[in-house]
Trainee: 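The following block contains the structure, expressed as structure tokens.
Here the structure is a predicted model, which is why all the values come from computation and not from measurement. Ligands are counted one by one from 1 in listed order, and the atoms in each one are counted from 1 as well.
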Amino acid sequence: MRIAVIGSGYVGLVAAACFAELGHEVISVDNAVQKTALLQSGEIPIHEQFLPELLARHRGRRVTFSSSLPDAVRVSQAVFIAVGTPQGGDGQADLSYVESVARELAGAINDYKLIVEKSTVPVFTHDWIRKVMLLNGASRDSFEVASNPEFLREGTAVTDFLFPDRIVIGVDSERAATLLREIYRPLTDGTYYRSGDPVRAPEGARVPPPLIQVSAKSAELIKHASNAFLAMKISFINAVANLCESVGADVHQVCQGIGSDSRIGPRFLNPGIGYGGSCFPKDLLAFRAVARECGYDFRLLDEVININEDQRVRFLNKVRNALWTLRGKRLAVLGLAFKGGTDDIRESPAVAMVEMLLNQGCEICAYDPAAMERAREILPSTGMSYASTAYDAARGCDALLILTDWAEFAELDLERVRAALAYPIIVDGRNLYDPAVMGARGFLYYSIGRADVQPAARIMSTAR
Ligand code: UGA
């Protein structure tokens with residue numbers, strides 16, 4: 001199948017590479033000429049596992065890059081829209097990029113095209129795309145609009161695409177359904193997994209994945225409702241963690257107990273300093289805004305958002321409880337990315353915490369394996385420094401804070417950390433360590449939803 005993917009951001013680029021991997025001929029289109037040139041020359045602007053391998057395999061053969069939307073659309077049977085839908089006023093999604101693509105598409109189509117929304121968009125967007133295309137001269141029977149939401153996580157986007165829990169197609173005609181089913185056939189009939197050199201399956205992958213066919217409206221709601229539900233799970237467990245702190249229970253024991261109920265499940269129940277990233281915060285606001293516009297006050301979402309924001313303030317208080325006063329304290333911060341495995345700092349709770357601590361007069365020395373360059377661009381320089389290892393960050397500090405769940409932060413050489421710190425104090429916003437172990441290793445250890453731990457032996461400043 002010949003496919004055009006409009007927008008070569010994180011979703012568009014991953015989709016283009018993965019469609020090529022499934023055997024389709026793909027043109028990835030972006031109006032940023034410089035970015036297109038970069039992609040043509042073999043560079044990749046995002047940090048995503050397996051993407052370099054897939055692009056190396058298919059670039060110039062099954063995937064090409066272009067800045068001309070009309071040229072790409074004319075030769076394609078399906079056109080996926082994967083442009084940005086940033087946050088606009090009042091939390092609503094700003095759909096101006098989608099609208100301008102729809103206008104351009106109207107002038108470019110020469111025969112029947114299936115237009116597919118891949119970006120995260122509010123319900124009714126497919127209808128608006130159709131209306132805009134009709135208003136701009138496209139004839140009624142020359143196109144249809146479908147919705148095919150993605151459920152890709154940053155860091156594992158390629159395997160999420162190729163080994164999905166489900167594929168959702170939102171279509172309002174048999175013709176559109178047949179085309180989309182054809183595009184995903186190598187996954188749904190399992191031929192991709194039996195092919196010569198498929199991408200390695202992640203643990204627990206269910207193959208072949210089911211394909212769920214629904215109306216376009218339902219598909220649009222599925223995307224927003226999925227992200228809202230996952231965010232709700234996180235806020236729920238954070239609220240439970242707060243209660244655990246009040247009564248002296250252990251949130252991980254509670255998680256084990258509730259997560260083993262197959263109706264609840266154990267995933268996305270990790271307590272911490274709250275969710276962030278380019279999706280959850282924006283999508284929750286957009287979902288709430290669209291519900292309100294449609295006459296429903298989705299108050300549950302307000303509370304999910306409030307708990308998430310409170311979680312940061314509670315963590316700041318935790319640091320204050322560990323250190324008494326904050327002004328002038330030198331703190332080592334491990335993690336700036338919004339989650340481990342990415343260099344993305346958009347809406348990062350770690351960055352928000354650093355800003356709050358700087359405002360309190362702390363000095364911060366931060367280390368992140370991938371996100372320091374980006375963080376440097378937005379964080380103030382006064383009071384802020386960066387280290388090239390976790391141990392360098394810890395050197396001479398009054399305490400160490402863990403703010404992002406990078407795998408390497410869970411495997412620190414604790415002796416080295418203790419020796420580097422001025423005081424053996426760790427405030428862990430991601431619960432990466434066992435409190436009993438930390439006490440035995442001589443730390444004052446504070447985490448989320450578990451009792452604070454004093455060291456087994458006498459506390460001593462390690463630096464003097
Ligand atoms: C999220 C969804 O997981 C994807 O399914 C969706 O496709 C994507 O948004 C999107 O709409 O594009 P992503 O933003 O990459 O993916 O990140 P997640 O892995 O979902 O994590 C989001 C935030 O929640 C992070 O800050 C993470 O640290 C936090 N989190 C996650 C927790 O605090 N606890 C958890 O148990 C899980």
Trainee: Could you tell me the residue and atom name of the protein heavy atom closest to atom 5 (O) of ligand 1, and the distance to it rounded to 0.1 Å?
Mentor: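 The protein heavy atom lying closest is Phe151 O, 3.5 Å.
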
Trainee: Of all the non-hydrogen atoms in the protein, which one sits nearest to atom 20 (O) of ligand 1, and at what distance?
Mentor: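 Here the nearest protein heavy atom works out to Phe268 CZ, 3.2 Å.
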
Trainee: Under 4.0 Å from a heavy atom of Asp283: give me the atoms of ligand 1 that qualify, with their elements.
Mentor: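 Once the distances to Asp283 are compared, the set is 11 (O).
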
Trainee: Could you tell me whether some N/O pair between Leu230 and ligand 1 is separated by less than 3.5 angstrom?
Mentor: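 No, no N or O pair falls under 3.5 Å.
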
Trainee: In terms of residue, atom name and distance, what is the protein heavy atom nearest to atom 32 (C) of ligand 1?
Mentor: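 Looking at atom 32 (C) of ligand 1, the protein heavy atom closest to it is Ile234 CD1, 3.6 Å.
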
Trainee: Output yes when Lys223 and Glu150 qualify as a salt bridge under the 4.0 Å nitrogen-oxygen rule, no when they do not.
Mentor: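 Between Glu150 and Lys223 there is a salt bridge, with a charged N closer than 4.0 Å to a carboxylate O.
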
Trainee: How far is atom 36 (O) of ligand 1 from its nearest protein heavy atom, and which residue and atom is that?
Mentor: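 Going atom by atom, the protein heavy atom closest to atom 36 (O) of ligand 1 ends up being Asn270 N, 2.9 Å.
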
Trainee: Give the contacting part of Thr342 toward ligand 1: side chain, backbone, both or neither, where contact means a heavy-atom distance below 4.0 Å.
Mentor: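 Looking at Thr342 and ligand 1, no heavy atom falls under 4.0 Å.
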
Trainee: If you look at every heavy atom in Lys35 and Ser8, which pair is closest and at what distance?
Mentor: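 Heavy atoms of Lys35 and Ser8 come nearest at NZ-O, 3.2 Å.
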
Trainee: If we only consider heavy atoms of Arg430, is any one of them less than 4.0 Å away from an atom in ligand 1?
Mentor: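 Heavy atoms of Arg430 do come under 4.0 Å of ligand 1.
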
Trainee: Do NZ/NE/NH1/NH2 and the carboxylate oxygens of Arg130 and Asp127 come within less than 4.0 Å?
Mentor: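 Answer for the salt bridge query: yes.
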
Trainee: I'd like to know if Arg57 pairs up with Glu21 as an ion pair, taking the criterion as any Lys NZ or Arg NE/NH1/NH2 lying under 4.0 Å from an Asp or Glu carboxylate oxygen.
Mentor: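 Glu21 and Arg57: salt-bridged.
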
Trainee: Applying a strict 4.0 Å limit to heavy atoms, is Cys279 in contact with ligand 1?
Mentor: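 It does; at least one heavy atom falls under 4.0 Å.
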
Trainee: Quick one: does Gly276 get a heavy atom under 4.0 Å from ligand 1?
Mentor: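 Yes; Gly276 lies near enough to ligand 1 that a heavy-atom distance drops under 4.0 Å.
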
Trainee: Which option, Leu152, Val11, Thr404, owns the non-hydrogen atom nearest atom 4 (C) of ligand 1?
Mentor: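 Comparing heavy atoms across Leu152, Val11, Thr404, the nearest one to atom 4 (C) of ligand 1 lies in Leu152.
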
Trainee: So, regarding Asn227 and ligand 1 (criterion: nitrogen or oxygen to nitrogen or oxygen, under 3.5 Å), is there a contact or not?
Mentor: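 Yes; at least one N/O pair falls below 3.5 Å.
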
Trainee: For Lys223, take its heavy atoms, then give the atoms of ligand 1 lying under 4.0 Å from any of them.
Mentor: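 The atoms of ligand 1 under 4.0 Å from a heavy atom of Lys223 are 6 (C), 7 (O), 10 (C), 11 (O), 12 (O).
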
Trainee: Checking side-chain polar atoms at under 3.5 Å, does Arg314 have a donor or acceptor matched by the opposite partner on Asn317?
Mentor: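 Per modelled atom types, Arg314 and Asn317 side chains form no pair under 3.5 Å.
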
Trainee: Just grab all the ring pair (Phe, Tyr, Trp, His ring centres under 6.0 Å) pairs involving residues 277-302, residues at least two apart or on different chains.
Mentor: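 Counting only pairs at least two positions apart or across chains, the ring pair (Phe, Tyr, Trp, His ring centres under 6.0 Å) contacts touching residues 277-302 are His224-Phe287, Tyr275-Phe280, Phe287-Phe298, Tyr296-Phe298.
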
Trainee: Do Phe19 and Val5 touch side chain to side chain, with heavy atoms closer than 4.5 Å?
Mentor: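 Sidechains of Val5 and Phe19: in contact.
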
Trainee: Please verify the inter-ring angle class for Tyr433 with Tyr445; under 30° counts as parallel, over 60° as perpendicular, anything in between as tilted.
Mentor: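 Geometry flag for Tyr445 against Tyr433: perpendicular rings.
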
Trainee: Using heavy atoms and a threshold below 4.0 Å, how should the contact between Glu150 and ligand 1 be classified: side chain, backbone, both, or neither?
Mentor: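 It is both backbone and side chain that touch ligand 1.
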
Trainee: Applying side-chain hydrogen bond (donor to acceptor under 3.5 Å, both in side chains), can you list everything that pairs with Gln92, at least two apart in sequence or on another chain?
Mentor: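 side-chain hydrogen bond (donor to acceptor under 3.5 Å, both in side chains) check on Gln92 returns Glu293.
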
Trainee: Any atom of ligand 1 sitting under 4.0 Å from a heavy atom of Lys233?
Mentor: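 Lys233: no contact with ligand 1 (<4.0 Å).
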
Trainee: Considering only protein heavy atoms, which is closest to atom 2 (C) of ligand 1, and at what distance to one decimal place?
Mentor: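 Going atom by atom, the protein heavy atom closest to atom 2 (C) of ligand 1 ends up being Phe280 CE2, 3.7 Å.
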
Trainee: Tell me whether the NZ or CZ atom of Arg376 lies within the 45° cone about the ring axis of Tyr386 and under 6.0 Å from its centre.
Mentor: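 Here Arg376 passes the 6.0 Å and 45° test against Tyr386.
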
Trainee: Relative to atom 17 (O) of ligand 1, which among Arg153, Lys339, Glu154 owns the nearest non-hydrogen atom?
Mentor: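 Nearest heavy atom to atom 17 (O) of ligand 1 lies in Lys339.
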
Trainee: Any salt bridge linking Lys318 with Glu245? Criterion: basic side-chain nitrogen under 4.0 Å from a carboxylate oxygen.
Mentor: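 Here Lys318 pairs with Glu245 in a salt bridge, since their nearest N and O are under 4.0 Å apart.
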
